[in-house]
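These notes are about the structure you will find just below.
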Amino acid sequence: MTKHLKDWIVEADIASMQAAMETGSVTSEELVRVYLERIDEYDSTINSILEINPEAIQIAKDLDQERKESGSRGNLHGIPILLKDNIDTHDKMPTSAGSIALADSYAAKDSLVAAKLRAAGAVLLGKTNMSEWSNFMSSSMPAGYSSRGGQVLNPYGPGEMFVSGSSSGSAAAVAANLGAASIGTETAGSIVGPASQHYVVGIKPTVGLVSRSGIIPISSSQDTPGPVARTVKDAAILLGALTGTDSEDPATLASSKVTLQDYTPFLDASFMRQARIGVPRHYYQHLDKERLAIMEAAIATLTMEGATIVDPVSLHVEQQNWNNDAITYEFKKGLNAYLSQLAEDIPVHSLEELIAYNHNHAEVALQFGQDTLVRSQETTLTEETYLQKIQAYKQLPLQRGIDYALDKDDLDALLLPGDVDGLYIAARLGYPLISVPAGYAEEGVIDARGQSTKGPFGVVFSGRAFSEPTLIKIAYGFEQATHHRVPPGKQSS
């Protein structure tokens, strides 16, 4: 591999890769090979990649030949993309959610997300490490740890800086330039949290905009896959490739009239001059001095770019926490359904069997226990009570949460810090979020959870259901005004 290509690939975006392939100055095969070289060289430090697709090079070769014979399929033709290890792919890569119990579980068919990426011409480069069972296994397990993959580390400070939610491997890999972009999943903060901590962009779509079929679940009311990329434009390109209705995921049927296949027209920085953005100060109270300064600088930037800032706004539901009974009920039901259809030679086919398997392999499977799995198995919530709880918890935020705040002050979006504390109301409703790099905390502190706040930090824009076009406009305007994103090793305040 030439030194020029090895240098060029660092921070290369999808458009530049596509342009280079169109002119013949680079091939998809070469892109795959250079990313594999970078994984081999750098991932031992951050442990973000769980599995390499052994067919990736051949897929790239085939796509190169197709380009010569019939042209490009579009923006993602030949682009190497990574997927979180809870997303089914019908190939030689297992789908395990980081669990040793599913280390040899090969999906019978692609998830719709994987199928759409293949149809768009993407090369599925590999699977990323993650918090085991999307961090719904143990209350004491650190973010980014799995029994199968070990601990994901932040490339900006391995072992020193927080990696955040369960899509930590997806964010770390993209931050370290080990793939063009990746797909993560989020229940509450698991895309935008890691994106914020790794100087990358994360889009958590409205639940129902992107299908969840073929993805190992936590919550039917909150789960969604979404893109992680180094730029807002790349994230928007990926989002457009993923959307669409799916008969196997009823939540997508509600999006049929608002689904778009191309979000790049919303890369409009001029929108900032008419944007109205609210600042819910309740979610800034816990920030240390450096991170608060990053948020204040972001507010100043938005103002300078012409946005109208309404500060403060109140959501009136700040103290409301998600009902764990409802989540554990959804997890048990969804996981049992997923495990029940696995091949006969897989050792677990229910949550009960998974708990027993982990107990019998405790030395490797239970470094941090499995109290969350046990609590889910023991849930006694009935379907009727569950539906009542879901309805109540959705109505309160609708009446006094995000929609209330946006309507009261005629706002386009809310501006939140890029940690998970302020993201649960959006998660509860299944509403969209976008995280964008905003600054770097040089010193940081040790917070109440014993985690360092040093390192990259992002802002998160929150809006009402299916407001992705508006959020992309605002996020793109902020990104173009600031350009905070830098690769590991070159960060500064």
Practice problem: Any chance you could lay out the salt bridge (Lys or Arg N to Asp or Glu O under 4.0 Å) test for Arg273 and Glu305, step after step, and finish with the verdict? | Solution: CA-CA 6 Å; Arg273 294 193 292 272; Glu305 292 301 304; over 6 Å; no
Quiz prompt | Residues Ser166, Ser190; criterion side chain to side chain donor-acceptor pair (under 3.5 Å); working and verdict | solution = CA-CA 5 Å; Ser166 67; Ser190 289; 3.2 Å; yes
Quiz item: Yes or no on salt bridge (Lys or Arg N to Asp or Glu O under 4.0 Å) for Asp412 and Arg276, after CA distance, side-chain angles and deciding distance?
Solution: CA-CA 5 Å; Asp412 295 294; Arg276 292 177 57 83; over 6 Å; no
Exercise. Carefully, step by step, assess Arg464 and Asp407 under the rule salt bridge (Lys or Arg N to Asp or Glu O under 4.0 Å).
Key: CA-CA 10 Å; Arg464 64 181 81 241; Asp407 290 340; 2.9 Å; yes
Practice problem: Step by step, work out the side chain to side chain donor-acceptor pair (under 3.5 Å) result for Gln197 and Asn154. | Solution: CA-CA 8 Å; Gln197 302 293 149; Asn154 191 315; over 6 Å; no
Exercise. Go through the steps to decide whether Asp85 and Thr128 satisfy the test side chain to side chain contact (heavy atoms under 4.5 Å, CB included), and finish with yes or no.
Key: CA-CA 6 Å; Asp85 183 47; Thr128 56; 5.8 Å; no
Quiz item: Where do Val210 and Lys116 land on the side chain to side chain contact (heavy atoms under 4.5 Å, CB included) test, with the steps shown first?
Solution: CA-CA 10 Å; Val210 180; Lys116 281 181 168 288; over 6 Å; no
Quiz item: Could you walk me through whether Asp419 and Ser196 pass the side chain to side chain contact (heavy atoms under 4.5 Å, CB included) check?
Solution: CA-CA 7 Å; Asp419 54 17; Ser196 173; over 6 Å; no
Exercise. Under the side chain to side chain contact (heavy atoms under 4.5 Å, CB included) rule, what do Leu238 and Val228 come out as? Steps first, then yes or no, please.
Key: CA-CA 9 Å; Leu238 261 183; Val228 179; over 6 Å; no
Self-check item: Worked verdict on Asp268 versus Lys473 for salt bridge (Lys or Arg N to Asp or Glu O under 4.0 Å)
Solution: CA-CA 5 Å; Asp268 178 12; Lys473 291 177 185 178; 5.2 Å; no
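No side-chain N or O of Lys84 forms a donor-acceptor pair with one of Ser170 less than 3.5 Å apart. Side-chain N/O atoms of Ser99 and Ser96 include no donor and acceptor closer than 3.5 Å. Glu160 and Ser452 are not linked by any side-chain donor-acceptor pair at a separation below 3.5 angstrom, with hydrogens and angles left out of the test. A donor-acceptor contact closer than 3.5 angstrom links the side chains of Thr187 and Asp223. A donor-acceptor contact closer than 3.5 angstrom is absent between the side chains of Lys204 and Thr224. Between the side chains of Thr453 and Glu290, no donor-acceptor pair of N or O atoms lies under 3.5 Å. For the residue pair Gln151 and Asn47, no side-chain donor N or O sits within less than 3.5 Å of a side-chain acceptor on the partner. Between the side chains of Asp246 and Ser213, at least one donor-acceptor pair of N or O atoms lies under 3.5 Å. A donor and an acceptor atom, one from each side chain of Asp110 and Thr89, are nowhere located under 3.5 Å apart. With 3.5 Å as the limit, one finds a donor-acceptor pair spanning the side chains of Ser219 and Glu330. Looking at Tyr338 and Asp88, their side chains do bring a donor and an acceptor atom within 3.5 Å of each other.
Although no hydrogens or angles enter the test, the distance criterion places no donor-acceptor pair under 3.5 Å between the side chain of Asn129 and the main chain of Ser146. Ser138 places a side-chain N or O within donor-acceptor distance of the main-chain N or O of Phe368, the cut-off being under 3.5 Å. With Thr328 contributing its side chain and Asp325 its backbone, the two residues share a donor-acceptor pair below 3.5 Å. For Arg230 (side chain) and Ala12 (main-chain N/O), a donor-acceptor pair under 3.5 Å exists by modelled atom type. When atom types are taken as modelled, the side chain of Thr252 and the backbone of Thr245 share no donor-acceptor pair closer than 3.5 angstrom. Side-chain atoms of Ser255 come within 3.5 Å of backbone N or O of Gly208 as a donor-acceptor pair. Judged purely by atom type and a 3.5 angstrom limit, Glu186 uses its side chain to pair as donor or acceptor with the backbone of Gly189. Distance alone, capped at 3.5 Å, places no donor-acceptor pair between the Asp262 side chain and the Gly240 backbone. Distance alone, capped at 3.5 Å, is enough to place a donor-acceptor pair between the Ser376 side chain and the Thr372 backbone. A side-chain donor-acceptor contact under 3.5 Å links Ser16 to the backbone of Asp13.
A 4.5 Å side-chain heavy-atom check between Ser220 and Gln222 finds every atom pair outside the cut-off. Between Val459 and Leu415 the shortest side-chain heavy-atom distance falls below 4.5 Å. By the 4.5 Å heavy-atom criterion applied to side chains, Phe331 and Leu351 are counted as neighbours. By the 4.5 Å heavy-atom criterion applied to side chains, Tyr431 and Asp403 are counted as neighbours. Looking at heavy atoms from C-beta onward, Leu125 lies in side-chain contact with Ile39 at the 4.5 angstrom threshold. In this structure the side chain of Leu414 never reaches within 4.5 angstrom of the side chain of Ile277, judged on heavy atoms. Taking the side chain as every heavy atom from C-beta outward, Phe136 and Ile327 approach each other to under 4.5 Å. Contact of the Val201 side chain with the Ser435 side chain is not registered, since no non-hydrogen atoms from C-beta on lie closer than 4.5 Å.
Ion pairing of Lys333 with Glu383 is present here, as a side-chain N (NZ or NE/NH1/NH2) and a carboxylate O approach within less than 4.0 Å. At a threshold of 4.0 Å, the pair Asp311-Arg281 counts as salt-bridged, since one of the basic side-chain nitrogens sits closer than that to a carboxylate oxygen.
Taking the ring centroids of Phe266 and Tyr476, they lie at or beyond the 6.0 Å cut-off. Taking the six-membered ring for Trp and the full ring otherwise, Tyr156 and Tyr199 have centroids separated by under 6.0 Å.
Note on ring orientation: taking the six-membered ring where Trp is involved, the planes of Phe478 and Phe461 are perpendicular (angle over 60°, cut-offs 30° and 60°).
In plain terms, the two heavy atoms of Ala97 and Ile216 that are nearest each other are CB-CD1, 3.7 Å.
A distance of 12.5 Å separates CZ of Arg118 from CD1 of Ile81, quoted to the nearest 0.5 Å.
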